[in-house]
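Keep in mind the model is a prediction, meaning the values are calculated, not measured.
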Amino acid sequence: MMKKLFRKSSLLLLAVIASMLLVVPVGASQATSYTYTLDDDSEYVRTQDAYLPDRTITNLGLSNPSDIFIDENDDAYIVDTDNARVVVFDITTEKVEKILDKTKGFKGFNKPRGIYKTKTGDIYVTDAGNKTVYKFDKNFNYIREYPKPTAPIFADTNYEPSKIAIDSGDNLYIVSEGVYNGVIQLAQTGEFLGYFTSNKTKLTPQQAFLKMIYTKEQAKNSSILNTTPTTFSNVFVDVNGMAYSVCMGTGTDLLKKHSTNGANMFKNPVISDEDLTDVWVDNRGIIYVSDTKGFISVYTTDGELIFSLGAEVQDLDVSGLFKSLTTIAVDSKGNIWTADGEKGYIQSFTPTEYANTIYKALVEYEDGEYEVALKDWSYVLRLNQMSVLAHNGVAKAYYNDEKYHQAMEDFEIAGNREGYSDAFWEVRNKALKKYLGPFLLVVGIIVLLSIIMRFVDRERKLKAKRKKAFSKLADVPVLGEIGYAFKIARHPIDRYYDIRVGKNGSVIAALIIYIAFFGVYMLYQTSKGFIYQFTKVEDMDMGAVVVGFFAIIILFIICNYLVTSITDGDGTLKQVFMIPAYGLMPLMICMLITTGASYVLTYNESFLLTVIMIIGSVWSIAVIFEGLATVHDYDFGHTVLSLIITFVFMLIAAVVVLVVIIMWEQLSDFLLTIGKEVIRNVTGG
């Protein structure tokens, strides 16, 4: 949140400076806003300027321009909403070619909002005021209109067409104001085909809980349970017939790329600003999106953010900044064209060499020209060494060129775990083919030697010596008591009984195990292989982790001892202290195995690590449970009850401590304020 606030504050300051410099001829960059991309933590970071403001068209007399469509001839069809007309503007000659307001058989628009031109030249214009869609031929001759469908299922649906797109079969995709059901799909004949796609609502845990306990009347009147889905704001169909949509609201699915059945084809969440207004896709598959606050975002064909630029400016007339960015389109030269709905002007942006190189590399990769793409991505990296997109591009080029080690390095820098996993699988596969034979040979030799040793040592003399050596090792103070944890993991009932009667175990050994477990836990949290390591050490509050870890253990020991003392438990505080420590050994071992295995397993094999951790957790819980039951001389039911009461006491204690901390902070602030006031009065300062 702070980073986003800093971003917008910086943009506003830059806008003010830019407006002041308009009267002074200088050789600075034409950019009036910063360009941002994403780092490997999906945070916005500054990058090179991707687009520079180019032409600002203010002499068209537009009032609330709400949509632009640019055809293959670079003619811009501008929907001039408040003037109830469509202006055809040649962006090459900067001349108005045609104004469509009335024509033969057509009385005129009321509130036009959207426009789309097909490959055959047919022009469709939505009119929210007249609640219809008009169709014209390429010469602007009126053909027909598409009023509200007569299908019974559509009877109660609001029909105020706002935006429109047409596919290769001349089916209409209509965004209607106030319609939450989805994008309306009509056949060329005007028949209602259904909703092409719709937004689904996801209940938060709080909403799910309230929905279970509320009556129908309470749920109906509750603002918290308002689960109205976000509305679509625009729709677009590209040259290949692929449909795209954008939505108003918040979330990671405001931009979608749809399959033929309307499903979202983007595999990963799409990072975008809020309240998107328009979407355009060029012939290369590059996706351009605008939002109400004045930001332009550009994405790859897979929905990966390339960069974002722009700023929200209310009262400054600065080229490239908007008060209300309503629409976006791209011409044949790759220039972006936009409109400010409130100020009524058209603004274009021209791509820089940085942007063009990225687009070129993306196209080359899609065309299978991996070596050429690698050169272009390398050039982008020279401009921006930490570009996640460029490192991903380099890694993909290396991967397709079967240079998997290099691909892994760049995938890791880009934070692309899935790509890293694919490259690592190839590296591991080659290593297995190379070393599997020698490895099996070594294993076979070891097995053979073991068989020979058993045959030679028929009288088990060597085995007896080994046992004697281990017995001496177990007799070493503390060391043997630590090793006792392994025996408890295998035979918890008998071994915990030894602790109960004082035959084995010690507080020092238990303390060492707790400390060792914390070390293993930290190793598990911070040192797994890249594919499975999501936590960075620098992002962790080590003080809070250490205090929290040991506070939970101490709180459990004290609360359980107090609870069992009340409920006639036989265990002493010393024994309650030792039980969890000795029971943690299976989980500790599984954490070590998981940490080590994370370096040799791929993303698709993550279930193995999950299984290992489940086994370790269940094993340790069962051992600790059995230990508490044995030491306190409880049956199963009493043990469960004592644990439930223990956890309740722990929760109460945590709340009390939190309240005390908050009150102490307030008291210390109050005393500090009084102290400063006394000093000021005494010194007269």
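The two atoms that bring Ala390 and Leu381 nearest to each other are CB-CD2, 3.5 Å, heavy atoms only. Here the shortest heavy-atom pairing between Ile513 and Ala581 reads CG2-O, 3.3 Å. Lys256 approaches Cys247 most closely through the heavy-atom pair NZ-SG, 3.8 Å. Across Tyr532 and Lys528, no two heavy atoms sit closer than the pair O-CE, 3.2 Å. Smallest separation of non-hydrogen atoms from Ala423 and Ala407: CB-CB, 4.2 Å. Minimum heavy-atom separation, Pro438 to Tyr435: CD-O, 3.4 Å.
Counting non-hydrogen atoms of other residues, nucleotides and ligands closer than 6.0 Å to CD of Glu418 gives a total of 12 or fewer. Within 6.0 Å of CG on Asn283 lie no more than 12 heavy atoms contributed by other residues, nucleotides or ligands. Counted within 6.0 Å of OH on Tyr599, heavy atoms from surrounding residues, nucleotides or ligands total more than 12; the atom is thus considered enclosed.
Under the 4.5 Å side-chain criterion, counting only non-hydrogen atoms from C-beta, Val388 is not in contact with Asn416. Proximity of Val246 to Leu254: side-chain heavy atoms (C-beta onward) are nowhere separated by under 4.5 Å. Residues Met591 and Met613 are in side-chain contact: their nearest non-hydrogen atoms beyond the backbone lie under 4.5 Å apart. At a threshold of 4.5 Å between non-hydrogen side-chain atoms, the residues Tyr399 and Asp410 do not count as touching. When side chains are defined from C-beta on, Ile286 does not count as touching Val281, because their heavy atoms never get closer than 4.5 Å. Using a 4.5 Å cut-off on side-chain heavy atoms (C-beta onward), Asp376 and Val380 make no contact. Here the side chains of Asn181 and Ser198 are not in contact, with every heavy-atom distance at 4.5 Å or above. Contact check for Asn392 versus Phe411: side-chain heavy atoms found under the 4.5 Å cut-off.
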Could you check Leu276 against Asn234 for side chain to side chain contact (heavy atoms under 4.5 Å, CB included), going step by step and ending with a plain yes or no?
CA-CA 8 Å; Leu276 306 184; Asn234 221 316; over 6 Å; no
Verdict with supporting geometry, Ile557 and Ile579, side chain to side chain contact (heavy atoms under 4.5 Å, CB included)
CA-CA 9 Å; Ile557 292 168; Ile579 289 169; over 6 Å; no
Assess the residue pair Lys430 and Leu432 against the criterion (side chain to side chain contact (heavy atoms under 4.5 Å, CB included)); give the C-alpha distance rounded to whole Å, side-chain angles, the decisive distance to 0.1 Å, and a yes or no.
CA-CA 5 Å; Lys430 285 186 177 182; Leu432 286 174; over 6 Å; no
Show the numbers, then the answer: is there a side chain to side chain contact (heavy atoms under 4.5 Å, CB included) between Leu305 and Tyr44?
CA-CA 10 Å; Leu305 181 70; Tyr44 283 103; 3.8 Å; yes
The test is side-chain hydrogen bond (donor to acceptor under 3.5 Å, both in side chains); show your working for Asn604 and Thr602 and say whether it passes.
CA-CA 5 Å; Asn604 295 328; Thr602 64; 4.9 Å; no
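Using a distance-only test at 3.5 Å, with no hydrogens or angles considered, a donor-acceptor pair links the side chain of Asn264 to the main chain of Phe266. Remark: side-chain polar atoms of Asp282 are paired, donor with acceptor, to backbone N or O of Arg284 under 3.5 angstrom. Proximity of a side-chain donor or acceptor of Asn429 to a complementary backbone N or O of Trp425 within less than 3.5 Å is not detected. Judged by distance alone, the side chain of Asn261 and the main-chain N or O of Ala263 form a donor-acceptor pair under 3.5 Å. The backbone N or O of Gly583 lies less than 3.5 Å from a partner atom in the side chain of Ser620, making a donor-acceptor pair. With hydrogens and angles disregarded, no donor-acceptor distance shorter than 3.5 Å links the side chain of Thr37 to the backbone of Phe307. Side-chain N or O atoms of Gln525 include none that pairs as donor or acceptor with a backbone N or O of Ser527 at under 3.5 Å.
Summarising the geometry, atom CD1 belonging to Ile482 is positioned 4.0 Å from atom CD1 belonging to Ile512; distances are rounded to the nearest 0.5 Å. With rounding to the nearest 0.5 Å, the separation of CZ in Arg46 from CG in Asp39 is 14.5 Å. Rounding to the nearest 0.5 Å gives a distance of 11.5 Å between CD1 of Ile612 and OG of Ser617. Considering OG1 of Thr526 and CE of Met542, their distance stands at 7.5 Å, rounded to 0.5 Å. Distance check, rounded to the nearest 0.5 Å: OG1 of Thr610 to CD1 of Ile615 gives 11.0 Å. Expressed to the nearest 0.5 Å, how far CG of Leu255 lies from OG of Ser245 amounts to 7.5 Å.
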Side-chain donor-acceptor pairs of residues 640-651 under 3.5 Å, sequence neighbours excluded:
from: Ser642; atom 1: OG; to: His638; atom 2: O; distance (Å): 3.4
from: Ser642; atom 1: OG; to: Thr639; atom 2: O; distance (Å): 2.7
from: Thr646; atom 1: OG1; to: Asn560; atom 2: ND2; distance (Å): 3.3
from: Thr646; atom 1: OG1; to: Ser642; atom 2: O; distance (Å): 2.6

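A salt bridge is absent between Asp291 and Lys293: the closest approach of a Lys/Arg side-chain nitrogen to an acidic carboxylate oxygen does not fall below 4.0 angstrom.
Judged as a ring pair (Phe, Tyr, Trp, His ring centres under 6.0 Å), and not counting sequence neighbours, the contacts of Phe518 are Phe549, Phe550.
Of the options Asp273, Val289, Thr47, Ile296, a side chain to side chain contact (heavy atoms under 4.5 Å, CB included) to Ser308 is made by Asp273 and by none of the others. Remark: of the listed residues Tyr398, Phe530, Tyr603, Phe530 is the sole one forming a ring-ring contact (aromatic ring centres under 6.0 Å, His included) with Tyr420. Between His258 and the options Tyr244, Phe236, Phe196, a ring-ring contact (aromatic ring centres under 6.0 Å, His included) holds for only Phe196. The side chain to side chain donor-acceptor pair (under 3.5 Å) test with Lys257 is passed by exactly one of Asp238, Thr301, Asp302: Thr301.
Between Tyr36 and Tyr34, the ring planes are perpendicular. Angles over 60° get that label, and only those under 30° would be called parallel.
Screening residues 361-394 for ring-ring contact (aromatic ring centres under 6.0 Å, His included) gives Tyr365-Tyr370 as the qualifying pairs, with residues at least two apart or on separate chains.
For Phe577 and Tyr514, the ring centers are positioned less than 6.0 Å apart.
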